[in-house]
Enquirer: 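Here it is, the structure, as C-alpha cells.
In what follows, chains are A, B, ... by sequence order, proteins preceding strands, each numbered from 1. Just so it is clear, the model here is predicted, and its values are computed rather than measured.
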2 protein chains.
Amino acid sequence: MVTLTEENYIKAIYHLGKYGANNVSTNAIAKEMETKASSVTDMVKKLSEKSYVDYKKYQGVTLTNKGKEVAVNIVRKHRLWEVFLVEKLNFSWDEVHEVAEHLEHIKSKKLISQLDAFLGFPTHDPHGDPIPDKTGKIKKIDKILLSEAEIGDNCICVGVQDSSSDFLKYLDKNDIALGTALKVCHREPFDNSITIKIKTKELIISNMIANNLFVKLS
Amino acid sequence: MVTLTEENYIKAIYHLGKYGANNVSTNAIAKEMETKASSVTDMVKKLSEKSYVDYKKYQGVTLTNKGKEVAVNIVRKHRLWEVFLVEKLNFSWDEVHEVAEHLEHIKSKKLISQLDAFLGFPTHDPHGDPIPDKTGKIKKIDKILLSEAEIGDNCICVGVQDSSSDFLKYLDKNDIALGTALKVCHREPFDNSITIKIKTKELIISNMIANNLFVKLS
DNA sequence: AATAATTTTTAGATTAGTCTAAAAATTATT
DNA sequence: AATAATTTTTAGACTAATCTAAAAATTATT
C-alpha cells in the first residue's frame with residue numbers, strides 16, 4: 001500500500017523529473033514539498049525500498065515504472081476532478097487546484113472510471129493539461145509558448161504553464177481563456193513584451209505572461 | 001484543526017450517542033472504530049482537551065456542541081456524496097458507503113455547497129437517511145420499522161436501519177427500493193416473519209429483515 | 001590540487017496514533 | 001458487603017513522518 005505522503009512525494013518527483021530526464025535532487029524535492037532535505041532523504045530511502053524510485057546516495061532519484069504508474073494515476077485523478085469542479089460545480093479555473101489536491105488521493109477504481117464517463121471522457125483539464133487515460137497514456141499536443149510565436153502568427157490558447165491563482169485571474173480579467181483566438185502583432189525589443197489582438201481588441205502582454213501561456217498555431 | 005482520525009472518532013461517538021442520550025463508553029467506541037480501548041482513552045483525552053467531548057474518567061464521553069457540529073457536518077458530507085455516487089455515477093446503494101467514507105473528509109465549504117446545489121438540494125441519501133442542511137438541521141420523518149406495522153397496513157419504504165451490502169442486495173433481489181409500496185398481509189406468530197404484498201406479488205420476510213426496513217404508513 | 005561552498009546524509013529527538021500488559025476503578029454476583 | 005468479572009486507564013514501547021544540528025560527500029572556486 002502506498003500512503004498519502006508517499007503519493008505526494010512520488011507526484012513531486014514525477015513533476016520535477018518531467019523536464020530534464022536526469023535524476024531529481026533531494027533539495028529540489030524538499031523545495032517542492034516544502035519540507036527539509038533530511039526528511040526527503042528518509043522518505044526517498046523508504047520509496048527506494050518499496051521500489052517506487054531508484055536511488056543512490058548523493059545521486060538523487062528517478063521513478064521506477066512502478067513509481068511512474070502511481071504518479072500518472074494521481075495526475076489522472078487530479079485532472080479529472082478539476083474538470084468535474086469546473087464543468088459541474090461551477091468552480092473557476094483558479095480555484096480547482098487546492099481541492100483537487102485532496103480529491104486525487106481517494107482510492108476507488110470505480111469512482112474514477114465512472115467519473116471519467118460522467119464527464120464524457122475529457123482529454124484535457126481546465127488549464128489545458130492532458131488527462132492520462134486509464135492505461136496511463138498521455139497524448140501530447142503540439143503547443144508552443146506564446147513568447148515563441150512569430151509576429152503575424154494566428155494562435156489559439158491551449159494551456160498555461162503556471163497555474164497560480166494570480167496568473168489565471170489576470171487571464172480572466174483580460175478575457176483570455178482556453179480556446180481564445182489571438183494574433184501576435186508586435187514584439188517590443190526592449191522588454192520582449194508583445195502586442196496581441198483578441199477579436200478587435202489590442203492588448204500588451206509582458207514577456208513573463210507570454211512565457212506562461214501555451215498556444216497552437218491556427 | 002481537526003485531524004482525519006479525530007473526525008472519525010467524533011463521528012463514531014455521534015452515531016453511538018444518537019440512540020440513548022447517555023454517555024458513550026470507551027469499549028463501544030473501540031468496537032465501532034475497530035481499535036483497542038487504550039487507544040480510545042488516549043484519543044478521548046485529546047478530544048476532551050480540544051473540547052470536542054466532555055469526558056470524566058471511567059464515565060464515558062458525550063459530544064460538546066462543538067463536537068456535534070463537526071459530526072453533523074461529516075454526516076452531511078457523507079450523505080451528499082452518497083447521493084452523488086448513486087444519482088450521477090451510477091453506483092448502487094450497496095457500493096457507496098466505503099467511497100463516501102473517504103470523500104466525507106475533504107474540507108472545502110465551496111465544494112459541498114456547490115455539490116448540494118448540483119444535486120438539487122437533496123433531503124435524503126440513497127438509504128433514506130436525512131441530509132443535514134448547511135446549518136446542521138436534520139428534519140426527521142415519521143418512519144416506523146416494518147416489523148412494527150400492523151396487519152393490513154399499506155406502507156411505503158423510506159429507509160433502512162442496516163446498510164450492509166448483504167442486506168441491500170437482498171432488497172434489490174426482491175425488488176424492494178425506497179419508494180416501493182407494500183402491504184402487510186400476515187404475521188406468523190412462531191417466528192414473527194411477515195407476509196407482504198408488493199404490487200401483486202407476495203413475499204415472506206423474516207423478522208430480522210422487517211426489523212431493518214423503515215416504512216411510513218400511506 | 002587544495003580549499004570553500006553547497007548539498008546530502010546521519011544521528012538523535014519529537015509528535016500523532018497505535019499497541020500490549022499491568023494496574024485501577026466500576027459493576028455484577030454471590 | 002465481600003469477591004469476581006468486566007471495563008477503563010496507565011505505563012511503556014512502536015511506527016510513520018517530521019525536525020535540528022552535525023558530519024560526510026559532492027561540486028565550485030581559487
Side-chain angles (χ1 to χ4, degrees), chain A residues 1-14 16-17 20 22-63 66-67 70-71 74 101-102 104-105 107, chain B residues 1-14 16-17 20-63 66-67 70-71 74 101-102 104-107:
Chain A
M1 245 297 70
V2 52
T3 69
L4 189 145
T5 313
E6 286 167 359
E7 281 192 348
N8 281 328
Y9 272 93
I10 290 170
K11 188 174 57 147
I13 294 165
Y14 176 76
L16 291 168
N22 35 0
N23 291 3
V24 177
S25 77
T26 301
N27 260 2
I29 298 168
K31 197 179 163 195
E32 177 82 7
M33 297 286 298
E34 298 181 10
T35 187
K36 295 297 149 75
S38 55
S39 307
V40 174
T41 301
D42 287 346
M43 179 53 80
V44 142
K45 279 181 189 164
K46 198 176 149 208
L47 292 176
S48 173
E49 247 150 55
K50 292 186 168 191
S51 41
Y52 292 113
V53 300
D54 289 322
Y55 167 62
K56 273 201 234 84
K57 268 194 195 181
Y58 294 99
Q59 302 310 131
V61 292
T62 43
L63 288 177
K66 185 179 166 195
V70 171
I74 298 172
E101 288 285 292
H102 297 286
E104 71 187 5
H105 296 290
K107 285 174 187 60
Chain B
M1 247 295 71
V2 51
T3 69
L4 188 144
T5 313
E6 287 167 358
E7 281 193 347
N8 281 328
Y9 272 93
I10 291 170
K11 186 175 58 146
I13 295 165
Y14 176 77
L16 292 168
N22 36 359
N23 291 4
V24 177
S25 77
T26 301
N27 259 2
I29 299 169
K31 197 179 164 197
E32 176 83 8
M33 298 285 300
E34 296 180 14
T35 184
K36 295 297 149 73
S38 54
S39 308
V40 173
T41 301
D42 288 346
M43 179 53 80
V44 144
K45 279 182 190 165
K46 198 176 149 209
L47 292 176
S48 172
E49 246 151 54
K50 291 186 168 191
S51 39
Y52 291 113
V53 299
D54 288 323
Y55 167 62
K56 273 200 233 85
K57 269 191 192 181
Y58 294 100
Q59 302 311 130
V61 292
T62 43
L63 288 177
K66 186 180 166 195
V70 171
I74 298 171
E101 288 285 291
H102 298 286
E104 72 187 5
H105 296 291
I106 306 279
K107 285 174 187 60

Enquirer: Using the side chain to side chain contact (heavy atoms under 4.5 Å, CB included) definition, which of the options A:Val40, A:Thr62, A:Ile13 pairs with A:Val24?
Expert: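 Among A:Val40, A:Thr62, A:Ile13, the one that satisfies the side chain to side chain contact (heavy atoms under 4.5 Å, CB included) with A:Val24 is A:Ile13.
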Enquirer: Let me know the distance between CD of A:Glu6 and P of D:dA16, rounded to the nearest Å.
Expert: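 It is 9 Å, rounded to the nearest whole Å.
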Enquirer: When the distance from CD of A:Glu49 to P of D:dA16 is rounded to whole Å, what number comes out?
Expert: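 Those two atoms, CD and P, are 10 Å apart.
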Enquirer: Less than 4.0 angstrom between a side-chain N/O of B:Ser39 and OP1 or OP2 of C:dT18, yes or no?
Expert: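 For C:dT18, OP1/OP2 do not have a side-chain N/O of B:Ser39 under 4.0 Å.
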Enquirer: Kindly give the heavy-atom pair with the smallest separation between B:Val44 and B:Val53, and that separation in Å.
Expert: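 It is O-CG2, 3.9 Å.
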Enquirer: Rounded to whole angstrom units, what separation is found between the CE atom of A:Met1 and the P atom of D:dA16?
Expert: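 After rounding, the gap between these two atoms is 14 Å.
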Enquirer: Provide, to the nearest angstrom, the distance between the OH atom belonging to B:Tyr58 and the P atom belonging to C:dT27.
Expert: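 Spelled out: OH on B:Tyr58 to P on C:dT27 is 11 Å.
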Enquirer: On DNA chain D, compare the nucleotides closest to A:Leu4 and A:Lys57; which residue's is nearer the 5' end?
Expert: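 On the 5' side of the pair lies A:Leu4.
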Enquirer: In whole angstrom, give the distance that lies between atom OH of B:Tyr55 and atom C1' of C:dA25.
Expert: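 After rounding, the gap between these two atoms is 11 Å.
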Enquirer: Runs of at least three consecutive Watson-Crick or G-U pairs, both distances under 3.5 Å, are what I'm after; which ones involve DNA chain D?
Expert: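 Looking at DNA chain D, the stems formed by three or more consecutive pairs are C:1-30 with D:1-30.
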Enquirer: Measure CE/B:Met43 against C1'/C:dC19 and give the value in whole Å, please.
Expert: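 Those two atoms, CE and C1', are 14 Å apart.
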Enquirer: Side chain of A:Thr35 only, heavy atoms from C-beta on: which candidate in C:dT8, D:dT8, D:dC19 is closest?
Expert: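 Within the option list, the nearest is D:dC19.
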Enquirer: Mind checking A:Thr41 for me? I need base, sugar-phosphate or nothing, with any heavy atom below 4.0 Å counting as a touch.
Expert: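 Contact class for A:Thr41: base.
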Enquirer: Which residue, A:His105, A:Glu32, A:Glu101, forms the side chain to side chain donor-acceptor pair (under 3.5 Å) with A:Lys11?
Expert: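 So, applying the side chain to side chain donor-acceptor pair (under 3.5 Å) to A:Lys11 and each of A:His105, A:Glu32, A:Glu101, only A:Glu101 qualifies.
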Enquirer: Just wondering, are more than 12 heavy atoms of other shown residues or ligands nearer than 6.0 Å to NZ in A:Lys31?
Expert: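 12 or below, so no.
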Enquirer: Between B:Asp42 (CG) and D:dA11 (P), how many Å, whole number?
Expert: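 My rounded result for the distance is 11 Å.
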Enquirer: Nearest 0.5 Å, please: how far is CG in B:Leu4 from CD in B:Glu104?
Expert: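 Nearest 0.5 Å value for the CD-CG distance: 8.5 Å.
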Enquirer: Atom OG1 of A:Thr3 and atom CE of A:Met43: how far apart are they, to the nearest 0.5 Å?
Expert: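 Rounded to the nearest 0.5 Å, the OG1-CE separation comes out at 5.5 Å.
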Enquirer: Send over the distance from B:Lys36 NZ to D:dA13 P, rounded to a whole Å.
Expert: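 It is 19 Å, rounded to the nearest whole Å.
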Enquirer: Can you tell me how far CD1 of B:Ile29 sits from OG1 of B:Thr35, rounded to the nearest 0.5 angstrom?
Expert: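 B:Thr35 OG1 to B:Ile29 CD1: 11.0 Å, rounded to 0.5 Å.
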Enquirer: Using heavy-atom distances to pick each residue's nearest nucleotide on DNA chain D, tell me which of A:Tyr9 and B:Asn27 is more 5'.
Expert: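 Looking at the nearest nucleotide for each, B:Asn27 comes out on the 5' side.
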Enquirer: Can you check whether any acceptor in the base of D:dT20 is under 3.5 Å from a donor in the side chain of A:Ser38, or vice versa?
Expert: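 Flag set: donor-acceptor pair detected.
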